[in-house]
Amino acid sequence: QVQLAESGGGSVQAGGSLRLSCEYSLGSHSRPGMGWFRQAPGKEREGVAAMHPRRGHTYYADSVRGRFTISQDSAKNTLYLQMNELAPEDTGMYYCAAGFGDFRTEVGALRSGSYSYWGQGTQITVSS
């Protein structure tokens, strides 16, 4: 059973930075693809960043490309999301996810259907 636990959320002013962490345990599973999603009030959940399970290739939504960086420390079983130049539109609940779907393309990697396991989420609030 894959288990995920996010941390690092909070409130920040526009232009600031935050780093989210996701500690994971894979149980008996081989390494899955991993990603970060977010959901703003009244909006659908959207993928913001993802990482291919073996090649380490990273994918980003256009709205965060150049500002957010996904990384992984396998020795610590931790996935990170470094978020810089935060804006009010980045406000939302951020979720860590893991799965064995299609990570060959950006569209597949940022689609929620590629993921089977989700954390509980951590709130990010960016004030102007």
Side-chain angles (χ1 to χ4, degrees):
Q1 181 76 4
V2 176
Q3 294 183 322
L4 308 165
E6 305 94 337
S7 62
S11 297
V12 64
Q13 289 192 327
S17 298
L18 284 173
R19 189 177 78 160
L20 303 183
S21 298
C22 173
E23 293 188 34
Y24 58 84
S25 61
L26 301 180
S28 61
H29 288 287
S30 58
R31 179 179 294 181
M34 301 197 72
W36 289 96
F37 286 71
R38 68 185 179 190
Q39 188 167 20
K43 294 188 177 181
E44 293 186 356
R45 188 174 297 187
E46 63 170 341
V48 296
M51 180 174 286
H52 190 282
R54 287 173 295 281
R55 288 180 284 175
H57 190 72
T58 55
Y59 305 95
Y60 296 95
D62 289 343
S63 58
V64 307
R65 197 185 314 275
R67 300 188 298 122
F68 290 13
T69 302
I70 187 172
S71 62
Q72 186 174 35
D73 186 337
S74 298
K76 296 182 178 180
N77 281 3
T78 303
L79 184 75
Y80 301 100
L81 184 68
Q82 177 66 43
M83 304 182 293
N84 299 328
E85 300 176 38
L86 284 161
E89 52 265 35
D90 295 316
T91 293
M93 186 71 77
Y94 282 69
Y95 298 90
C96 174
F100 301 94
D102 181 10
F103 287 86
R104 297 170 298 173
T105 65
E106 181 176 283
V107 171
L110 296 179
R111 183 169 55 212
S112 59
S114 290
Y115 299 83
S116 302
Y117 304 97
W118 297 83
Q120 294 298 307
T122 186
Q123 177 69 34
I124 301 294
T125 301
V126 185
S127 58
S128 57

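Computed from a prediction, not measured in an experiment: that's the story for all the values here.
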Taking C-beta and beyond as the side chain, do [X] and [Y] meet within less than 4.5 Å on heavy atoms?
| X | Y | answer |
| --- | --- | --- |
| Pro32 | Leu26 | yes |
| Glu6 | Leu20 | no |
| Leu86 | Phe68 | yes |
| Met34 | Leu4 | yes |
| Met83 | Val48 | no |

Got a second to check how far [X]'s [atom1] is from [Y]'s [atom2], nearest 0.5 Å?
| X | Y | atom1 | atom2 | result |
| --- | --- | --- | --- | --- |
| Asn84 | Arg19 | CG | CZ | 11.5 Å |
| Trp36 | Leu110 | CH2 | CG | 14.5 Å |
| Ser21 | Leu81 | OG | CG | 9.5 Å |
| Tyr115 | Phe37 | OH | CZ | 4.5 Å |
| Arg67 | Ser17 | CZ | OG | 10.0 Å |
| Tyr60 | Ile70 | OH | CD1 | 6.5 Å |

Applying the 4.5 Å side-chain criterion to the ILVMFWY set and letting contacts propagate, would [X] and [Y] be lumped into a single cluster?
| X | Y | answer |
| --- | --- | --- |
| Tyr117 | Phe103 | no |
| Met93 | Trp118 | yes |
| Leu79 | Phe100 | yes |

For a quick test of reading the model, state the closest non-hydrogen atom pair linking [X] to [Y] and the distance between them.
| X | Y | result |
| --- | --- | --- |
| Ala14 | Ser128 | CB-CA, 4.2 Å |
| Ala98 | Val2 | CB-CG1, 4.1 Å |
| Gly33 | Pro53 | N-CB, 3.5 Å |

Is the number of heavy atoms from other residues, nucleotides or ligands under 6.0 Å of Arg31 CZ greater than 12? no
Glu23 CD: over 12 foreign heavy atoms closer than 6.0 Å: no
Ignoring hydrogens and geometry, is there a side-chain-to-backbone donor-acceptor pair from Thr125 to Thr91 under 3.5 Å? no
Output yes when a side-chain donor or acceptor of Thr69 lies under 3.5 Å from a complementary backbone atom of Gln82, and no otherwise. no
Provide the full list of side-chain hydrogen bond (donor to acceptor under 3.5 Å, both in side chains) pairs with a residue in residues 93-102, sequence neighbours left out, each pair given once. Arg38-Tyr94, Asp102-Arg104
